[in-house]
Amino acid sequence: MSITPADEVLSRTVATLRAAGCVFAEEEAQLLLEAAATPAELDALVRRRAVGEPLEVIVGWAGFCGLRVRVDAGVFVPRQRTRFLVDLAVELARPGAVVVDLCCGTGAIGAAIAARVPGIDLSCADVDPQAVRCARLNVGPDAHVYEGDLYDALPDSLRGRTDVLVVNAPYVPTDEIAMMPPEARDHEPKHALDGGADGVGMHRRVAAGAPAWLAPGGSLLIETSEEQAPLTARAMADHGLVPRVSTSDEMYCTVVVGTLPRD
Ligand SMILES: C[S@@+](CC[C@H](N)C(=O)[O-])C[C@H]1O[C@@H](n2cnc3c(N)ncnc32)[C@H](O)[C@@H]1O
């Protein structure tokens with residue numbers, strides 16, 4: 001078997017990425033090769049990756065629930081574990097349901113639910129203008145994307161009408177951000193990660209506001225960690241929601257689903 005120039009470029013790229021500590025060096029090298037139009041561009045992309053820039057930002061997209069989601073610099077990269085939050089939301093959303101993706105980032109969650117449940121009425125919101133711009137490109141022309149602080153962003157027409165309120169808000173305890181991988185720590189905005197002293201500060205704010213926006217029988221779904229789940233559930237119960245904790249060992253993900261009683 002002869003070694004072609006393309007093989008050499010691939011193995012050199014893999015070696016550079018591996019030396020930089022990339023765990024999935026082979027897969028990443030393939031994606032960088034596909035993204036680069038010239039050898040000079042490939043060198044530049046590999047250099048960016050070697051210093052810790054997220055692969056998804058470099059190539060401009062992330063694979064999520066079978067979709068190719070655009071990811072701009074400075075916007076949180078959707079995590080694979082969040083597929084579990086999507087799965088649970090899909091179980092609750094019917095065609096025609098009003099679905100809100102709060103703290104939407106790229107809008108990956110809303111886009112994935114809409115792809116699996118045709119006909120939902122989807123709204124997304126985020127406080128970060130860069131995230132809002134990115135979400136508008138990902139969710140399609142039928143969805144609405146709003147900018148602002150949590151519920152302040154939403155139009156009054158959604159009050160009391162939201163069937164599925166899906167939230168992956170920041171939930172890293174402030175002191176633990178420094179221990180995150182450089183991709184997150186150095187390249188994602190602090191406001192996309194920081195959940196306050198115990199990581200559950202945003203969950204408390206989301207839970208406090210939810211009853212005003214949920215339809216009777218509607219559900220709030222919040223991604224959290226296994227350790228934080230009792231606190232997330234407590235925040236929901238404190239505001240009249242009936243919480244249920246679901247964990248996926250396969251996807252390393254925990255979600256608390258809080259339902260607003262019908263009466
Ligand atoms: C952990 S990221 C998750 C993004 C997206 N939901 C996902 O799973 O890919 C949290 C998002 O919350 C947004 N955010 C932080 N504080 C917010 C606030 N007060 N109101 C609305 N969005 C907020 C951040 O800009 C960021 O996009």
Verdict with supporting geometry, Glu223 and Ile109, side-chain contact (heavy atoms from CB on, under 4.5 Å): CA-CA 11 Å; Glu223 180 178 310; Ile109 297 169; 5.9 Å; no
Check against side-chain contact (heavy atoms from CB on, under 4.5 Å), Glu188 and Leu193: CA-CA 8 Å; Glu188 291 182 319; Leu193 306 172; 3.7 Å; yes
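Shown here is Arg204, whose CZ atom has more than 12 heavy atoms of other residues, nucleotides or ligands within 6.0 Å. Heavy atoms from other residues, nucleotides or ligands lying under 6.0 Å from CZ of Arg136 number more than 12. Within a 6.0 Å sphere centred on CD of Glu27, other residues, nucleotides and ligands contribute more than 12 heavy atoms.
When atom types are taken as modelled, the side chain of Asn138 and the backbone of Arg70 share a donor-acceptor pair closer than 3.5 angstrom.
A donor-acceptor pair shorter than 3.5 Å cannot be found between the side chains of Thr254 and Ser225.
Note that Arg159 lies in the cation-pi zone of Trp213, set by a 6.0 Å cut-off to the ring centre and a 45° limit from the axis.
No continuous path of hydrophobic side-chain contacts links Leu92 to Val98 [ILVMFWY only; heavy atoms under 4.5 Å].
To the nearest 0.5 angstrom, Leu122 atom CG is 4.5 Å from Ile120 atom CD1. Rounding to the nearest 0.5 Å places CG of Asp126 at 6.0 Å from SG of Cys103.
Arg244 has no carboxylate O lying under 4.0 Å from a charged side-chain N of Glu91, or vice versa, which leaves the two without a salt bridge. With respect to Arg49 and Glu183, a salt bridge is recorded, a charged nitrogen being found less than 4.0 Å from a carboxylate O.
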